[in-house]
Protein chains: 4
Amino acid sequence: MAERPLRADAARNRAKLLAVATEVFTTRGIGVPTEEIARTAGVGVGTLFRHFPTKEALLEAVMVGRLDESAAQVAQLAAAAGPAEAFFSCFRLLVEQSVGKSEFTEALAAAGVDVHAALRERTEEIRDRLSGLLAGAQRAGAVRPELGLPEFLALLAGTGRAVEQLGEDPAARERIFTVVLDGLRPH
Amino acid sequence: MAERPLRADAARNRAKLLAVATEVFTTRGIGVPTEEIARTAGVGVGTLFRHFPTKEALLEAVMVGRLDESAAQVAQLAAAAGPAEAFFSCFRLLVEQSVGKSEFTEALAAAGVDVHAALRERTEEIRDRLSGLLAGAQRAGAVRPELGLPEFLALLAGTGRAVEQLGEDPAARERIFTVVLDGLRPH
Amino acid sequence: MAERPLRADAARNRAKLLAVATEVFTTRGIGVPTEEIARTAGVGVGTLFRHFPTKEALLEAVMVGRLDESAAQVAQLAAAAGPAEAFFSCFRLLVEQSVGKSEFTEALAAAGVDVHAALRERTEEIRDRLSGLLAGAQRAGAVRPELGLPEFLALLAGTGRAVEQLGEDPAARERIFTVVLDGLRPH
Amino acid sequence: MAERPLRADAARNRAKLLAVATEVFTTRGIGVPTEEIARTAGVGVGTLFRHFPTKEALLEAVMVGRLDESAAQVAQLAAAAGPAEAFFSCFRLLVEQSVGKSEFTEALAAAGVDVHAALRERTEEIRDRLSGLLAGAQRAGAVRPELGLPEFLALLAGTGRAVEQLGEDPAARERIFTVVLDGLRPH
DNA sequence: GATGAATGAGAATTCATTCAT
DNA sequence: AATGAATGAATTCTCATTCAT
């Protein structure tokens, strides 16, 4: 339970590795060699494998980090506004965050990283939060009542994909949001 | 310039290789070894590399095949109905077709397959056709006039992603389509 | 069933690899790197792994080769003489053959190479043959009747170990044989 | 020359490390990682390497400990009985002790631990003692007079190997001893 | 043209050993 | 003295690609 707190330098290395891994997995896919990640982080491979006993473990840790971050932001946004606004702003937030990362996510799934405890825990947490958001927005009449959580999550991923493919055109991105968010409203 | 026509057996081999490659890249990602593709196709690796000098070339060929198929279907649908209906049915068609293939597409992109002539040609063709469809639907007042081709393509990819993530629930899939297609209509 | 006959060059490579592996595993233990074995055999590592998909598989193949050889020699000796003489000459033969190889055998056992079909088959065959030899010599009154096959095999291994440790002194080696062979006779 | 006496805790650590190393090298071979030995002994790797500057040094220390123990027991037995009985009981003792340890001994040899001072010293001591035992038994007419120390040592090792291979069957083990001990007697 | 054996540059992972804390 | 984090050479195995048959 009580993981001994890492020595300062070890913690720094771990953080650096995680940062580098997040960056490269995200932008170049999970094919990037562990060796390169270590080198970029300024440590030896041995250090990488001391912190993450497997490449898969590293992938998972990256995933967990991303989810934690998202969860925190969702929590913050959800608390700050009425149900409808909370729902829509979270939708935007999550989409924006996932941009540039779908290749990574897909690869993770394809690699069959079978969601271990840590990962599942985070996933559940976000899932619960989003479930609450969706229900709130539906009660407020802002979202089609027939939509379930799975469709919501799928739309989240899909919109992220769309925005990602669009590249750097903010006006076009806005039009994508308009389409999806309008589509989410009761008709 | 004029490629000498392949001997009958060579053509058969090429076709078989393409079929197998399409299947495995689509279902298991681009990580599948060339050797396995060759074996499944019932030929030696040498033959594979004779027809496709590079794994990347094989990927591209698979891509071209899929695009040709899609283009043909789009052409058929586009001819068979009024502009609005043509647009919407093509949208569905392309989405359904891309299901289960995004991992492949992403991988292709990530691999930096820099769109050669053959590929570009097909892409352009579909692009033109879709451009026409979109314009038609917009003229008919069935689709928001402010949407451009890029957004349309992005929504296509995104909806595919959403449907893919949803898995096998046809009712939920239908709800995804409802959201996106309603969102596409003028508001 | 019908393993396609290897191409001449492939067969040559396989044989060379096996010879080199037998040599180095025997003299230097199983720790010798696959890479070195390949290099010594004059082929690339890839070739080694094509013929023996695993280092363990290579170990096993070496083992099988050695057993086959022994079995053939035992068969020959066993046919050539009366039961007592057959027994004693086979004992000597097997001991002499195992010299310098116990480190290898032990390592194999320690590595938990869990005796696959091919290996087991050979082991059984030799075992059966030796069982017959032992029974014959016992019926002829040349060997203590209370000894079972396991003790016989253990003495074989032990005498091999003794001879091995002794090094190159033929007279001393002969004295070891005298002790053990005299000890085997009824008292 | 005079090694400064270790602090009490350091001595404890050293002893614990040696005990653990003896145990694991004996039962699992010399492949066990130093890290694991240290952890099992309840110390850090650094401590292990402070006491034994090399893994090989640790192997040697283990060896020395085992030899000291054997030497003490041999001395005790040798003093307690007539020459013949002393000889035979020491033979049994040394064989029983070496059971389960041959893999370790072989590995040591294979690793080329070139017998340093400490090790050689112990070896010599035992060697001398056994030489005395053997001569005594030969003078008493209990052992073949033509046997030299090398053959005796080789038979010791070989019988150990035989007994080891036999496993847990005490009656069979006894039969092995009968064969070898009878063989040792003048004929 | 077809075959599949050979190649060898990686890739992930381990482990003895060093060194900052 | 003790600790355990860091190191990086070494190891096994994979796979795109070439080339002798």
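In what follows, chains are A, B, ... by sequence order, proteins preceding strands, each numbered from 1. Because the structure is predicted, anything quoted here is derived from the model rather than measured. Side-chain atoms are counted along with the backbone in the values below, which use heavy atoms only and exclude waters and symmetry mates.
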Please classify the nucleic acid contact of A:V45 as base, sugar-phosphate, or nothing, using heavy-atom distances under 4.0 Å.
base
Separation between CZ of B:R50 and CG of B:N13, rounded to the nearest 0.5 Å:
11.0 Å
Could you measure the distance from the CZ atom of A:R12 to the NZ atom of A:K16? Nearest 0.5 Å is fine.
11.0 Å
[X] side chain, from C-beta outward: closest of [options]:
{"X": "D:K55", "options": "E:dT13, F:dA1, E:dT17", "value": "E:dT17"}
{"X": "C:F49", "options": "F:dG4, E:dA12, F:dT12", "value": "F:dT12"}
{"X": "D:T54", "options": "E:dT17, E:dA2, F:dA2", "value": "E:dT17"}
{"X": "B:R50", "options": "E:dT17, E:dG1, F:dT17", "value": "E:dG1"}
{"X": "A:P33", "options": "F:dT12, E:dA11, E:dG1", "value": "E:dA11"}
{"X": "D:H51", "options": "F:dA2, F:dA6, E:dG1", "value": "F:dA2"}

Measure from [atom1] on [X] to [atom2] on [N] and round the result to the nearest Å.
{"X": "B:F52", "N": "E:dG1", "atom1": "CZ", "atom2": "P", "result": "14 Å"}
{"X": "C:R39", "N": "F:dA10", "atom1": "CZ", "atom2": "C1'", "result": "12 Å"}
{"X": "D:K16", "N": "F:dA1", "atom1": "NZ", "atom2": "P", "result": "20 Å"}
{"X": "A:R14", "N": "F:dA6", "atom1": "CZ", "atom2": "P", "result": "11 Å"}
{"X": "C:I37", "N": "F:dT11", "atom1": "CD1", "atom2": "P", "result": "11 Å"}
{"X": "A:E35", "N": "F:dA9", "atom1": "CD", "atom2": "C1'", "result": "10 Å"}
{"X": "B:L17", "N": "E:dG1", "atom1": "CG", "atom2": "P", "result": "14 Å"}
{"X": "B:L48", "N": "F:dT18", "atom1": "CG", "atom2": "P", "result": "12 Å"}

Assess whether side-chain contact (heavy atoms from CB on, under 4.5 Å) is satisfied between B:M63 and B:L59, documenting all intermediate values.
CA-CA 6 Å; B:M63 207 48 193; B:L59 285 171; over 6 Å; no
Determine: side-chain N/O of B:N13 to OP1/OP2 of E:dG1, distance under 4.0 Å, yes or no.
no
At less than 4.0 Å, is any side-chain N or O atom of B:T34 found next to OP1 or OP2 of F:dA16? Yes or no.
yes
Where do A:I30 and A:V24 land on the side-chain contact (heavy atoms from CB on, under 4.5 Å) test, with the steps shown first?
CA-CA 8 Å; A:I30 62 171; A:V24 298; over 6 Å; no
Pairwise 5' ranking along DNA chain E for A:V32 and C:T47, keeping only the more 5' one:
C:T47
Position toward the 5' end of DNA chain E (nearest nucleotide), B:V43 or C:V43:
B:V43
For F:dT11, the Watson-Crick or wobble counterpart (both distances under 3.5 Å):
E:dA12
Watson-Crick or G-U wobble partner for F:dA1, using a 3.5 Å limit on both distances?
none
Stepwise, does the side-chain contact (heavy atoms from CB on, under 4.5 Å) test hold for B:L58 with B:I37?
CA-CA 11 Å; B:L58 177 58; B:I37 296 175; 4.2 Å; yes
Inspect the surroundings of CD in D:E36 and state if more than 12 heavy atoms from other residues, nucleotides or ligands are less than 6.0 Å away.
yes
